[in-house]
Every structure is written in structure tokens, then in C-alpha cells.
Protein chains: 2
Amino acid sequence: MNSDTRQRIVMTALEMFYVKGYNSTSIADILSRSQVHSGSLYHCFPGKQDLLVAVLEFYRDGIEDNLLSIAWADQTDPIEKIFALLNGYRIGLLMSDFQHGCPIGNLALEISEPDPRIRELLDVNFANWIDAVERCLNSANERLPAGTDTHALAEFILTIMEGAIMQARTARDIAVFDRNITVLRQHINLLLEKAKEPS
Amino acid sequence: MNSDTRQRIVMTALEMFYVKGYNSTSIADILSRSQVHSGSLYHCFPGKQDLLVAVLEFYRDGIEDNLLSIAWADQTDPIEKIFALLNGYRIGLLMSDFQHGCPIGNLALEISEPDPRIRELLDVNFANWIDAVERCLNSANERLPAGTDTHALAEFILTIMEGAIMQARTARDIAVFDRNITVLRQHINLLLEKAKEPS
DNA sequence: TGAAAACTTGAATGATCGATCAAGTGAGTG
DNA sequence: CACTCACTTGATCGATCATTCAAGTTTTCA
């Protein structure tokens, strides 16, 4: 397996699935953009679905190096880490003129009857993201009300990220995204305040 | 324009776009399911995009009769109206084995480079949904903290609905949806409690 | 009643899709 | 040097895509 060719194919597919979606990206698109011929592609991958699997495995294996470590550079406060992560998606929206949202979320809604491998990989990617946020919340444990369900709260934050991106892309207006994050911030502040109460 | 044929086409397209998505639904699919021949379809619609426009116009014009009035039967409390609306999507997920999410949200993420008409129609549909929730919040105005941004909160609730559906569909687990709604409920309760404080 | 307009039928079109494969290249190994 | 085998080339395949259109049928209305 020529890993240079394979990697070029995967990175091209990753980028095109991100911008155009899975169904709207043709093999011919990927071939011309990656400067690879069809025989080489089908030497590395049995079919288009396996290309998607490879892309999702790349996301899964690279969450630390390609996402978290970048968003969390210079961040120490665990609560601020969460907002720094969300801000990464905000920047992605702005820099791409609202083309780049969340690659996993896009695929999750686009693929209606997924291959089991693909559904599981989408699920794992979500789970890894939730875990990362949950670790932040657990680090801030003593600042949150006793008995706070940090897993549910981490899921909630993913939910807000996905929904906020969806609305901002549709409206082509970053202010929608910002208002959503502001309400999330208010919710977190309410929790922090509640934790301070003597009760 | 034979409105019977037109309506049958639109309702079939609506259903198939909902379940399979826009790109994955072929004209041939719609023709066979609606028992219409291609000439009739293209007599009514210039092309596939115009079919999507008609579907989105149907959603836009039917939000009151086809969505709100059903979800809000037997609901009087404005806050509970919001949760009843969310519960409608929960039931849709369960009854369709996680096939039915939010038709607007699905299309919003799937269509990456939309025709301006389509982007605007997606936007209008979101705006109408937000308006409906905002009206509920405004009705409960005196129970919320003074100065609450009800528009931002309504956007936030749409965000949660979309994100919760996305996660529940991917995990094929309604518990994810429920946990998200629970956290939203806690946020609303925090607001209601805060409004009671003498400050 | 008769002609025009609206609508239906269904075969056909060219484009594009994912996928195949025979032939060729070249690096590594005996 | 000879052989192997991973890899590349690029023409080609059948399926399916959205769309077209000539011919036929029904409805409208003067």
C-alpha cells in the first residue's frame, strides 16, 4: 500500500466531503483534485464508502492533535477550554464563508441509511468530542453544583455547537452563532453561581 | 395547472426528501411513488430544484396547521407549549425508527451551495419556528427574569432541538434526546427561579 | 360543436455516476 | 540478471441521473 497516495486521497476526500458533502462529491472530483487515477484509488479502497470510513477514522484518530491541541493552546481554565473549542468552529465558519461547519455533524445528517461501520464511526467521533468536554467539566467539578451530570452537560454543549452552526450557516450570519453561545454562557454562569450558594 | 397532480408530486417529494434527503432522492423515485409520469412532473415544475422550493413553501405555509396546532392541542401554558413542540419531534424519531428528524434541518446541512431561493426558504422556515417559540416566551414574560432576550432564547431552543435530534439519530438512542431536553428544562427552571428572586 | 389549451404518456437523450480491468511501470529480491 | 509484486495508467463499462419531447388525451370555453 503506497501510503503517500493513500494519504493524498484521504485528505482530498476529507476536504471535499467537508465542503460539498458525501453524496455530492464524486469519485471523479476526488481523482482530479488529488491527481490520482481511478485504478490507484480502487487499489487502495474497495469503494466510495470505504473512503468515507478512512476519513472518519482520520477524524477519530486525530481529535487530539488536529482539534483539541490547537483550540486549547494557551488555555488553562477548563471552562474557558470549552468556549475556546466552540470558538474554533466560529472561526471556521468565518474563514470559509460559512462553508465549514462540523464535518461529523454534516455527515451525520446527510447519510440517512448508513452502513453500520459508518454509523458507529460517526457515533465514536461524537463520543470523543463529548468526552473531551466532559473532562473539562470534571476538572471544574468543584465550581459546579453538587451532583451536576457532566456527561449530559457535555452532550448539551455538543448539541448547541451543532445547532448553532446549522443556524448560522443557513442565515449566513455569525451573530446567530454568537447569540447561541451567549445563552450557553449564561447557563454556565447560572450553574457557577448556584454552586456558590450556601443552599 | 392540475393541482391534484401537483399536490401529489409535492407531498411525495416532501416525504422522500424527509426520509432519504434531497440528493439521494431521484426524480424516478418520486415518479414511481406518486404514480405520475415524467412529462406531467416537468409540466408542473421546471426542474428538481423547483420541487424543493415547492416543498419548502409547503412547510412555510403549513407551520400553523401541520405543526403547531397539532403539538399544542390541549396545551395552555406557554412554557409547556415549547416542550410539547419538542416532544413532537421526539415522537417522530421514535415512530420512524430515527428516520424522521427535522426536515428543514436535514436540508439545511445537506444543501451546501443552495440556490438563493432555497437558502431563503430554509431561513424563513427556521425564522417561523423561532417566532412561534418566541411568542410562547413573550407570553410567559412575567415569569422570566427582567430583560430576558426572548429571541435569543427561542433561537437557543431551536438549536437544542436540532442538535438533540442529530445526536439521537446518530446514536439511534432516544435517551440522548431526553438528556438534552432535561438540561434545557433545568436552564428554564433556573430562569424561572431567578425571576422570583427579589434581586 | 369545434378549436385551443392544459395535461398525460412513456420512450429517448446525453451526462455523470461508481466501479472495472488489461496493460504498463518500477522498485525490491533471489 | 530475472522474477515478483505493489502500484499506476486511463480507457471503458453498465447503471442511473435529470431532463426532453413528440404524440396522445382531456378539459375549457367561445
Side-chain angles (χ1 to χ4, degrees), chain A residues 1-57 106-107 110-119 121, chain B residues 1-57 106-107 110-119 121:
Chain A
M1 184 69 62
N2 183 333
S3 73
D4 172 62
T5 301
R6 191 193 141 95
Q7 191 172 5
R8 203 159 71 249
I9 293 169
V10 171
M11 295 316 292
T12 305
L14 180 144
E15 187 184 339
M16 302 204 74
F17 291 164
Y18 195 9
V19 172
K20 298 184 58 173
Y22 175 73
N23 285 304
S24 297
T25 299
S26 70
I27 298 285
D29 286 338
I30 295 168
L31 295 176
S32 67
R33 285 255 276 182
S34 60
Q35 303 273 51
V36 165
H37 297 271
S38 64
S40 296
L41 188 147
Y42 283 95
H43 180 76
C44 291
F45 299 98
K48 193 184 178 187
Q49 292 226 52
D50 306 272
L51 205 40
L52 178 56
V53 167
V55 167
L56 290 172
E57 286 172 343
N106 292 353
L107 292 167
E110 183 186 358
I111 316 286
S112 51
E113 290 164 352
D115 187 277
R117 288 176 303 165
I118 290 167
R119 214 215 88 247
L121 277 166
Chain B
M1 184 69 61
N2 183 335
S3 72
D4 171 61
T5 299
R6 191 193 140 95
Q7 193 172 2
R8 204 160 71 249
I9 294 169
V10 171
M11 295 315 291
T12 304
L14 180 143
E15 188 184 338
M16 303 205 73
F17 291 165
Y18 195 8
V19 172
K20 298 184 56 174
Y22 175 74
N23 285 306
S24 297
T25 298
S26 70
I27 299 286
D29 285 338
I30 295 169
L31 295 176
S32 67
R33 285 256 277 180
S34 61
Q35 302 274 50
V36 164
H37 297 271
S38 64
S40 296
L41 189 148
Y42 282 95
H43 180 76
C44 291
F45 300 98
K48 193 184 178 186
Q49 292 225 55
D50 305 272
L51 206 40
L52 178 56
V53 167
V55 166
L56 291 172
E57 286 172 345
N106 292 353
L107 293 166
E110 184 185 357
I111 316 285
S112 51
E113 289 164 352
D115 187 277
R117 287 177 304 166
I118 290 167
R119 214 216 88 249
L121 277 165

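Since this is a predicted model, take the numbers as computed values, not measurements.
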Is there any protein nitrogen or oxygen under 3.5 Å from a nitrogen or oxygen in nucleotides 26-29 of chain D, and what are the pairs?
none

Check: protein-nucleotides 20-27 of chain C nitrogen or oxygen pairs below 3.5 Å:
{"from": "dT20(C)", "atom 1": "O4", "to": "Ser38(A)", "atom 2": "OG", "distance (Å)": "2.7"}

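Annotation: the span from Cys44(B) atom SG to Gln7(B) atom CD amounts to 11.5 Å, rounded to 0.5 Å. The line from CG of Leu41(A) to CG of Leu31(A) is 5.5 Å long, rounded to the nearest 0.5 Å.
Closest heavy-atom contact between Ala13(A) and Val55(A): CB-CG2, 3.9 Å. Listed here is the closest heavy atom pair of Tyr22(A) and Lys48(A): O-NZ, 3.0 Å. Here the closest heavy-atom approach between residue Gly21(B) and residue Glu110(B) is recorded as CA-OE1, 3.4 Å. Summarising the geometry of Phe45(B) relative to Ala54(B), their closest heavy-atom pair is CE2-CB, 3.7 Å, with the distance given to 0.1 Å. Considering all non-hydrogen atoms of both residues, Ile30(B) and Thr12(B) come closest at O-CG2, 3.9 Å.
Using a cut-off of 4.0 Å between Lys/Arg side-chain N and Asp/Glu carboxylate O, Glu15(B) and Arg33(B) are scored as salt-bridged.
Within 4.0 Å of Ile27(A), counting heavy atoms only, lie sugar-phosphate atoms of the nucleic acid but no base atom. Residue Thr25(A) is in sugar-phosphate contact alone, with no base atom involved, counting any heavy-atom pair closer than 4.0 Å across all strands shown.
Nearest-nucleotide assignment on DNA chain C puts the 5′-proximal partner with His37(B), out of Asn23(A) and His37(B).
Asp29(A) has its CG atom 16 Å from the C1' atom of dA19(C), to the nearest Å. Residue Arg8(A) contributes atom CZ, which lies 11 Å from atom C1' of dT8(D) at whole-angstrom precision. In this structure, the CG atom of Leu31(A) is 12 Å from the C1' atom of dT8(D), given to the nearest Å.
Here the side chain of His43(B) is nearest to one of dG10(D), dT8(C), dT8(D), namely dT8(C).
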